[in-house]
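First the proteins, then the strands, lettered A, B, ... as listed; each starts at 1.
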Amino acid sequence: MKFDKSLIATLREDPKEAESKSHRILLRGGFIRQVASGIHTYLPLGWRILLKISNIIREEMDGIGGQELLMPAISPKELWEESGRLQEIGDDMFQLKDRKDREYCLCPTHEEIVADTARNMIRSYRDLPQIWYQIQTKFRDEPRPRSGVIRSRQFIMKDSYSLDCDEAGLDNSFNLHKRAYEKIFKRCGLDFVVVDASGGLMGTGESKEFMATVAGGEDQLAICRQCNYRANLQIADGKGEPASFDDLPIEQIATPEKRTVEEVTQFLRVSPQNLVKSIFFTAAGKDPVLLLIRGDYEISEDKIQRLVGHDYQPASAEQIRATFGAQPGYIGPVGMERLTIYADDLLRGARGMITGANRDGYHVRGLNLDRDVKIDKYVNIRKVKSGDRCPKCDGEMLIESALELGHIFKLGTKYSISLGANFLDEKGNSKPIIMGSYGIGLERIMACACEQKSDDRGAVWPISIAPFDIHLTILNPHEDIVSSTSKEAIELLTKAEFSVIIDDRDISAGIKFNDADLIGIPIRITVGPKGIKNNQLDICIRETGEIITASKTELVTKCIEIRDMLYRRING
RNA sequence: CGGGGCGUGGCGCAGUGGUUUAGCGCGCAUGGUUCGGGACCAUGAGGUCGUGGGUUCAAAUCCCACCGCCCCGACCA
């Protein structure tokens with residue numbers, strides 16, 4: 001492909017809207033173009049990367065017996081009402097009407113369509129197991145798209161779905177996906193870890209996330225320094241140190257305008273460990289719960305929702321005032337026997353604690369959990385913090401920021417039951433199909449490669465997903481000797497099945513080199529009059545900056561060597 | 001949804017009530033000189049100053065409303 005005839009517009013300056021590394025590089029290098037918030041055009045260079053990624057994914061999905069199909073991006077609203085997810089997904093769902101006023105959703109994922117297909121096509125245990133997958137555009141009306149392509153409202157996902165007769169079959173499909181995913185991300189040249197994750201709205205079954213460790217990622221992981229325990233911070237468990245203080249009689253103390261843990265600890269000159277935070281959760285039509293946690297920890301909403309249900313949310317200030325007779329910041333468990341109270345297990349037996357007095361401007365001190373409060377249950381509802389001990393091996397836990405590349409879930413029967421996707425087993429009994437669902441964000445792989453592999457000059461694409469293998473930079477293209485040599489080189493390289501982008505623009509060398517660095521093709525070959533005089537072409541490896549010289553006759557062999565070396569570096 | 005910021009040729013910006021045709025750098029077009037890490041000269045094209053209303057003799061500039069985009073937070077299969 002010729003550079004000057006292609007739709008590549010590199011920008012000299014960073015576009016002002018781009019903040020994250022990947023967003024800057026993708027915009028500046030002409031890989032993507034933003035059309036609206038969270039909605040992008042993938043320009044030829046970016047699209048070639050996404051196609052390379054798709055091919056790797058296809059190979060590995062086909063390798064585990066996946067069958068590729070394509071479901072519609074648009075679907076009748078009723079399907080989502082049937083599964084109950086219209087309400088769960090809420091405003092994140094893009095919706096539209098046709099000319100007859102019939103209502104549709106733009107699919108954010110496809111469990112409902114899969115279950116609908118299965119209920120019509122799967123009859124017998126003999127039809128199972130199945131793995132269906134597609135590579136398709138998804139829509140989610142994110143409240144805040146960010147970081148370019150990392151959190152967008154329209155994006156490409158490989159989603160697959162497994163259908164099995166029983167749990168053992170699901171385990172098998174799940175493990176097949178786990179291994180395929182490990183191969184996929186490795187082949188894309190990324191550094192990643194597999195962590196325990198929360199099913200969220202997908203269900204409560206086992207789930208694993210494939211996380212790339214990057215600075216400024218959207219998610220946080222708790223990772224043990226010693227063993228292999230690693231989990232999404234939302235669900236991670238850790239051992240903390242219990243803390244207890246002097247046993248004193250309970251008394252009210254004035255804490256005017258001191259609401260937050262920080263304000264109260266400063267005002268009373270105590271440590272955050274000495275405080276008990278009270279968090280009130282409510283759900284429509286259900287009894288509210290009061291949750292207690294020590295001041296030096298944050299609650300994990302995920303753990304709480306697992307405990308009480310996904311419909312529970314933090315209460316509004318009005319609900320808090322109505323129940324406790326005090327403003328948020330001054331509420332506490334004392335005298336609230338009529339409420340269900342769950343306390344974090346680190347608070348078990350704690351004495352001499354400080355908490356809200358259910359009176360504006362006052363806290364109580366000398367709180368003894370065993371003596372002064374009726375705790376219904378002690379459970380772990382806190383987020384791990386750096387320095388906590390690993391639940392498996394007691395090693396030190398670290399918190400790292402990460403980017404979610406893929407997520408695999410054991411759905412079980414959530415969708416097959418709600419949509420009536422059943423099969424007949426050997427004995428002729430009708431049973432719900434056991435499902436799993438498995439997603440990979442394609443643009444996130446592309447962005448992640450930027451985040452992890454680029455340098456201050458621009459992108460450094462892993463050769464497996466690079467838009468081209470070779471960037472041919474032709475200097476002084478009008479000199480006959482240069483043009484004839486470069487023609488020969490192109491012919492040789494093309495014959496050897498390299499994909500080549502050819503830059504013979506009549507502009508200064510520096511621009512061409514800088515563009516090549518920015519675009520980040522793994523191998524750059526320079527053809528110029530100086531080299532030709534010495535019968536040599538320069539081959540530059542983008543990743544290392546290493547320059548290897550080759551004569552025309554050696555060119556192809558050396559490029560093959562370098563390409564193989566770059567692949568070995570990825571695949572080991 | 002809360003807080004902050006920004007909308008002026010393709011990109012980055014200046015101009016914040018009164019110099020006739022709204023500037024600058026980059027890019028773009030034409031011609032010429034250059035040519036191994038963002039060269040130079042000359043000429044030229046390109047703008048409803050986000051949108052709508054208002055104030056004024058006069059608005060990119062002041063006021064009001066709306067829209068869009070970015071960042072932090074809330075949220076996030």
Can you name the atoms? Protein N/O to nucleotides 3-9 of chain B N/O, anything below 3.5 Å, with the distance.
residue: C6(B); atom: O2'; partner: Lys16(A); partner atom: NZ; Å: 3.1

**Prompt:** Going by modelled atom types, is there a donor-acceptor pair between the base of G36(B) and the side chain of Asn476(A) at under 3.5 Å?
**Reply:** no
**Asked** Given the C1' atoms of G53(B) and C69(B), what is the spacing between them in whole Å?
**Response** 23 Å
**Item:** Ionic contact status for Lys277(A) with Glu298(A), cut-off 4.0 Å
**Value:** yes
**Request:** Please state whether the phosphate of U34(B), meaning OP1 or OP2, lies under 4.0 angstrom from any side-chain nitrogen or oxygen of Ser508(A).
**Result:** no
**Donor-acceptor pair under 3.5 Å, Asp538(A) side chain vs G36(B) base** = yes
Sub-3.5 Å pairs of nitrogen or oxygen atoms, protein against nucleotides 22-30 of chain B:
residue: G25(B); atom: N2; partner: Glu13(A); partner atom: OE1; Å: 3.4

**Asked** Salt bridge or not for Glu111(A) and Arg85(A), using N-O below 4.0 Å?
**Response** yes
**Fill in**
Residues at least two apart in sequence or cross-chain that pass side chain to side chain donor-acceptor pair (under 3.5 Å) with Arg119(A), listed by chain then number, are Glu82(A), Asp116(A)
**Message:** Counting only Watson-Crick pairs (N1-N3 plus N6-O4 or O6-N4) and G-U wobbles (N1-O2, O6-N3), all under 3.5 Å, who is the partner of U30(B)?
**Reply:** A42(B)
**Prompt:** Going by modelled atom types, is there a donor-acceptor pair between the base of C71(B) and the side chain of Arg144(A) at under 3.5 Å?
**Reply:** no
**Item:** Nearest-angstrom distance, C1' atom, C57(B) to C62(B)
**Value:** 16 Å
**Prompt:** Arg444(A) and Glu218(A): salt bridge (charged side-chain N to carboxylate O under 4.0 Å, His left out), yes or no, with the steps?
**Reply:** CA-CA 12 Å; Arg444(A) 284 191 171 182; Glu218(A) 293 210 304; 3.4 Å; yes
**Message:** Strictly by Watson-Crick or wobble contacts shorter than 3.5 Å, is anything paired with U19(B), and which nucleotide is it?
**Reply:** none
**Request:** Spell out yes or no: do the side chain of Arg524(A) and the base of G37(B) have one donor N/O and one acceptor N/O closer than 3.5 Å?
**Result:** yes
**Asked** Taking only residues two or more places apart in sequence or in another chain, which ones pass salt bridge (charged side-chain N to carboxylate O under 4.0 Å, His left out) with Glu68(A)?
**Response** Arg58(A)
**Item:** Basic-acidic side-chain contact under 4.0 Å: Arg24(A), Asp14(A)
**Value:** yes
**Message:** Going by side chain to side chain donor-acceptor pair (under 3.5 Å), name the residues that satisfy it together with Asp506(A), two or more places apart in sequence or in a different chain.
**Reply:** His478(A)
**Request:** Rounded off to whole Å, could you give me the CD-to-P distance for the Glu218(A) and C75(B) pair?
**Result:** 13 Å
**Fill in**
Protein-proximity profile, nucleotides 41-49 of chain B, B/S/- by nucleotide at the 4.0 Å heavy-atom cutoff, equals ---------
**Asked** On a whole-Å scale, what distance lies between the P atoms belonging to G23(B) and G47(B)?
**Response** 13 Å
